[in-house]
Structure formats: structure tokens, C-alpha cells
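Since the structure comes first, as C-alpha cells, the remarks are kept for the end.
In the text below, chain A, chain B and the rest are named by the order of the sequence lines, each starting its count at 1. Any value given below was found using the heavy atoms of this structure, including those in side chains, with hydrogens, waters and symmetry copies removed.
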Protein chains: 2
Amino acid sequence: MTVSSPRPAPRLTPVPPQPVRRRDAERTRAELLEVATQVFADSGYTGARVDHIAERTATTKRMIYYYFGSKEKLYLAVLEKAYRGIRDAEHEVQVSDLPPAVALRRIAERTYDHHLDHSDFIRLVSIENIHRGEHITRLESLRGINSDAVGLLDTILARGRAEGTVRDGVTALDVHLVISAYCFFQVANRYTFGFLFDRDLLDPALRDHHRALIGDVVVAWLSTGGATPSA
Amino acid sequence: MTVSSPRPAPRLTPVPPQPVRRRDAERTRAELLEVATQVFADSGYTGARVDHIAERTATTKRMIYYYFGSKEKLYLAVLEKAYRGIRDAEHEVQVSDLPPAVALRRIAERTYDHHLDHSDFIRLVSIENIHRGEHITRLESLRGINSDAVGLLDTILARGRAEGTVRDGVTALDVHLVISAYCFFQVANRYTFGFLFDRDLLDPALRDHHRALIGDVVVAWLSTGGATPSA
DNA sequence: GGGCGAACGTACCGATTGGTACATTGCGAG
DNA sequence: CTCGCAATGTACCAATCGGTACGTTCGCCC
């Protein structure tokens with residue numbers, strides 16, 4: 001991660017070529033937020049140290065209080081940005097024209113990859129649940145931020161039911177729950193599971209297997225036996 | 001929890017009626033461990049305060065260090081006891097003579113209830129994973145403590161495969177993973193999920209639905225085309 | 001019955017932690 | 001240019017936290 005150029009990289013050259021490190025409120029705030037995200041995800045809310053966050057930035061602790069006011073408000077900002085970021089990262093799969101079973105499998109597999117690629121976010125969610133959601137409940141604007149994902153599932157399920165290829169009696173939220181639980185667990189419980197069963201859930205060699213697995217589960221679960229629409 | 005008798009409770013009465021609060025190493029240690037379990041599960045490792053644990057017992061902080069040596073060793077003792085306790089609480093289901101599909105459904109449903117009934121344990125596991133399992137990996141004796149559960153699954157799967165009622169290519173650990181993930185998520189992510197989707201996963205009114213759901217998933221997933229017995 | 005060690009309580013400590021008072025500097029407006 | 005405020009840095013504080021020095025008491029054993 002460190003820049004290891006052969007040159008000694010003289011730090012205090014007479015004239016800075018670009019206005020590096022000039023005053024820039026936006027950049028300072030953004031840097032604090034990014035570093036804070038890493039530290040909070042790394043150590044939890046209580047475990048994270050304000051001094052530690054400041055040390056990892058080019059600015060000082062004073063700026064945390066200047067821009068965010070308190071450790072808790074900083075954490076709230078981190079949480080909100082993380083949730084919004086994760087929504088933006090979910091570029092929706094183009095599944096509208098696929099057969100429901102294929103679409104469902106693809107959604108499950110995408111969700112799996114999405115979770116594995118955002119383990120910091122998963123950790124923040126775990127941390128927030130340890131704290132009984134006392135912070136996130138204050139971010140009212142985040143409520144229903146995932147409704148798109150559920151809405152998409154609902155569309156597919158409805159189409160499948162109409163076709164007779166998807167079973168009745170299962171809601172989109174149920175499906176979302178099953179998929180999310182599986183994917184979340186792999187990232188969140190990596191360490192205890194790996195220790196107890198001697199299997200690293202995030203071993204790259206297992207990734208294809210685990211991705212296919214949740215697809216299999218969802219398709220097998222939701223598909224009606226044949227093309228026979230069961231009443 | 002506090003003794004609130006109407007009497008002023010004179011502290012130095014000549015003869016205590018019963019030998020209340022006599023010296024008892026076993027009891028003191030056990031009380032510390034129990035209270036520590038609650039506090040750690042409640043606040044996380046870093047969030048838990050040694051003083052706070054001591055306050056909630058009939059003894060003092062000094063005794064924590066007398067019996068356990070440090071906050072971390074106390075936490076290790078809590079973790080070990082919790083894992084052993086959860087294993088003991090898993091009185092195995094009598095499923096050896098049931099049809100595989102029925103047995104699998106019953107295991108899934110039992111696992112669901114088991115998780116919901118031990119949310120403190122679930123929280124400890126979450127906490128330990130936030131800390132990347134750095135503590136549990138030092139409790140080597142816990143390794144494979146759940147192998148019985150997987151072994152049972154393996155037996156049932158093997159029988160089902162022999163009968164032709166259970167599909168090939170799925171390991172017992174895969175099944176355990178799917179079931180555990182689903183059950184774990186409901187307890188561990190109760191707060192964020194409840195906030196985002198306005199559904200309290202642990203609402204008693206939903207318990208039957210959620211219990212049946214994981215049974216359905218497992219049976220549908222693992223059963224070959226043949227008849228899928230329902231509960 | 002008295003001695004002796006396990007069990008326990010009090011009172012304290014040094015380090016850490018979230019937070020702040022206050023001085024200073026860069027930069028855009030006029 | 002210079003004035004004024006946003007932005008930043010330094011040095012510090014009061015409270016908290018994990019941990020401990022030291023003294024006391026209970027109860028078993030010979």
C-alpha cells in the first residue's frame with residue numbers, strides 16, 4: 001500500500017508543483033469520513049478511538065469535532081454514507097426479461113458477490129446490531145433504502161406465479177431474507193465458523209461453490225415441480 | 001436485582017439468621033461469570049466495563065482480578081462457557097428413524113428455535129467475529145464442538161441419498177451453513193432489518209412462519225423430485 | 001483455640017479517552 | 001491590499017478505565 005518509488009521523494013521541495021494540502025473543507029471532511037469508516041468497521045463503535053482516526057489522516061482530531069461535533073455524530077455520518085454507498089453500488093441486474101428461475105438465481109448470485117465485495121459494510125451492520133440499532137434508527141431517511149431490491153424480487157415472483165413456474169405463498173421479503181441471511185453470514189461469521197469447522201468461508205477456491213449454492217437453494221425452493229401450476 | 005427489604009438492614013447485626021453471603025469461592029466465581037456474560041453480550045468486549053460488571057454482582061471488582069486475572073481472561077472464560085453451554089443445550093433431536101425429508105425439516109426447525117432461545121450467545125458470536133475471532137482461536141478445546149450437529153446431518157443425508165430421496169452433491173456442512181445462516185441472521189440482524197423493512201424478525205406472531213420457512217427451504221432444496229412431506 | 005491461608009474489600013493509580021480553549025493561518029470578498 | 005471569517009493546529013483537561021497495593025476477615029484444620 002505504501003508508495004515505494006526508487007526516488008527518495010523529497011518532501012519539502014521549494015515550490016509545491018500543485019497546491020497540495022491547501023485548505024479544502026470538502027476534502028478534509030471526506031478524508032475524515034473515509035478513515036473513520038475503516039476504523040469503525042475495524043474496531044467497532046466503542047473500540048474505535050478518535051485519536052486513532054485522526055492519526056490516520058493528514059489532519060488532526062480537532063477537525064473531527066469541527067466537522068462532525070462528536071464521536072457519535074461522526075459514526076452516524078459513517079453509517080449513513082455506508083448505507084447510501086451500498087445502495088449506489090447495487091447497479092441493478094438486467095433480469096426483467098429472463099425466465100423467473102434464471103432471474104432469481106442471478107439475483108442470488110449477485111447478492112452473494114455484492115456482500116463479499118463489501119465486507120466493511122457488513123461489519124458496520126454487525127456493529128450497529130450489537131448496539132441494537134440505536135444509531136441507525138435516527139437516520140430516518142435510510143428507511144426502506146433497500147425497497148428497490150425487494151420490489152424487483154416481487155416483480156419476478158409475480159411473473160413466475162402467473163406463469164406457474166414459481167410457487168405461491170412466498171413473499172419477496174421472505175426471499176430477500178433467505179438470500180441476505182446466507183450471504184451476510186458468510187462474511188460476518190467468517191472467523192468463528194472458520195475456526196469451528198476448519199473452513200474459511202471466504203476462501204477464493206470456495207467462492208464459486210458458495211455462489212452456486214445459494215442459487216441452487218433459491219431456485220429449488222421457489223420453483224414449482226414441473227411446469228405444472230399447482231393451485 | 002437489588003435487595004429492597006423495608007428494614008434498614010443493619011449491616012453488623014450480631015448473628016446473621018442464615019449464613020447469607022458467607023465465603024464461597026465457587027458461587028462468587030459463578031456469579032461473576034454469569035453477570036460478565038450478560039454485560040459482554042450487551043455491550044461488546046470493548047464496550048463492557050469491568051466496573052459495570054462488578055457493580056452488578058454482590059462482590060467487587062477486585063474479585064474479577066482475583067479469579068480471572070484480567071478483563072480479557074474473563075471474556076475468554078465467558079466465551080468458553082457460552083460455547084459449552086450452547087452445546088449442552090442442544091439435546092439432540094430423535095430423528096434417526098424418520099424419513100430424511102422429515103428429519104431435515106425437524107432439524108431446521110429445532111435449529112431455528114434454538115437460535116431464538118439463545119440470543120445472548122448469538123450476540124457473543126457476533127462480537128467475537130467483529131474482533132476477527134482473535135479470542136476464540138485461543139480456545140483450542142472448542143474446535144469442532146459442533147461436529148455432532150454436522151455428523152447428524154451427514155447421517156441423514158447419506159440415508160436419503162441411498163434411498164434416492166435426497167439429491168447428490170450437497171455436503172452436510174453446506175446444509176448446516178444454510179440453516180445456521182438463516183437462523184443466525186434473524187437474531188443477529190434483528191435491529192437493522194427491522195428498521196429497513198419495518199418487520200420485526202422476532203415478532204412472536206411471525207415465529208411460526210419463519211420456522212416453517214427454513215424447513216420449506218431445506219426440504220425443497222434437498223429433496224429429489226419425489227414427494228415432499230410437509231410437517 | 002489459635003494460626004494460617006483463601007477469600008474478600010477499600011482506596012487508589014497511571015494511562016487513556018473524548019472533548020475543548022485558544023491561538024493562527026490561508027483565502028476570498030470588497 | 002486588507003479585512004474577516006472559515007479552516008486548521010497545539011496544548012491541554014476532566015473523566016473514565018483497567019488494574020493493583022494493602023489491609024482485613026472468615027473458616028477450616030490440627
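Here the straight-line distance linking atom CG of B:D42 with atom CD1 of A:I130 works out to 9.5 Å at 0.5 Å rounding.
Taking atom CD of residue A:E55 and atom P of nucleotide C:dG18, one finds them 11 Å apart after rounding to whole Å. Residue B:I64 contributes atom CD1, which lies 15 Å from atom C1' of C:dA7 at whole-angstrom precision. In this entry the distance linking CG of A:L74 with P of C:dT17 reads 16 Å, nearest Å. In this structure, B:M63 atom CE and D:dT25 atom C1' are separated by 12 Å, rounded to whole Å. Regarding A:R62, its CZ atom lies at a distance of 13 Å from the C1' atom of D:dA11, rounded to whole Å. If you measure from atom NE2 of B:H52 to atom P of D:dC17, you get 10 Å, rounded to the nearest angstrom. One interatomic measurement links the two molecules: CG of B:D24 to P of C:dC8, which rounds to 7 Å at whole-angstrom precision. In this structure, the CG atom of A:L32 is 10 Å from the P atom of D:dG9, given to the nearest Å.
Within the 4.0 Å cut-off from OP1 or OP2 of D:dT8, at least one side-chain nitrogen or oxygen of A:T28 is found. For D:dT10, neither phosphate oxygen OP1 nor OP2 lies less than 4.0 angstrom from any side-chain nitrogen or oxygen of A:T60. Between B:R23 and D:dG27 there is no side-chain N or O to OP1 or OP2 distance below 4.0 Å. The side chain of B:R49 contributes an N or O atom lying less than 4.0 Å from OP1 or OP2 of D:dG18. At C:dA7, none of the side-chain N or O atoms of B:T59 fall inside 4.0 Å of OP1 or OP2 (strictly under the cut-off).
A cation-pi arrangement, defined by a distance under 6.0 Å to the six-membered ring centre and an angle within 45 degrees of its axis, is present between B:K71 and B:Y45.
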Between B:H115 and B:Q186, does the side-chain hydrogen bond (donor to acceptor under 3.5 Å, both in side chains) criterion hold? Intermediate values first, please.
CA-CA 9 Å; B:H115 276 68; B:Q186 307 240 353; over 6 Å; no
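The one candidate from A:F193, A:F184, A:F185 that meets the ring-ring contact (aromatic ring centres under 6.0 Å, His included) condition with B:F184 is A:F185.
Looking only at side-chain heavy atoms (C-beta outward), B:H118 and B:R123 stay at 4.5 Å or farther from each other. Residues B:V39 and B:R49 fail the side-chain proximity criterion, which asks for heavy atoms closer than 4.5 Å.
Near-neighbour residues of DNA chain D inside residues 65-73 of chain A, defined by a heavy atom below 4.0 Å, number-ordered: A:Y66, A:Y67.
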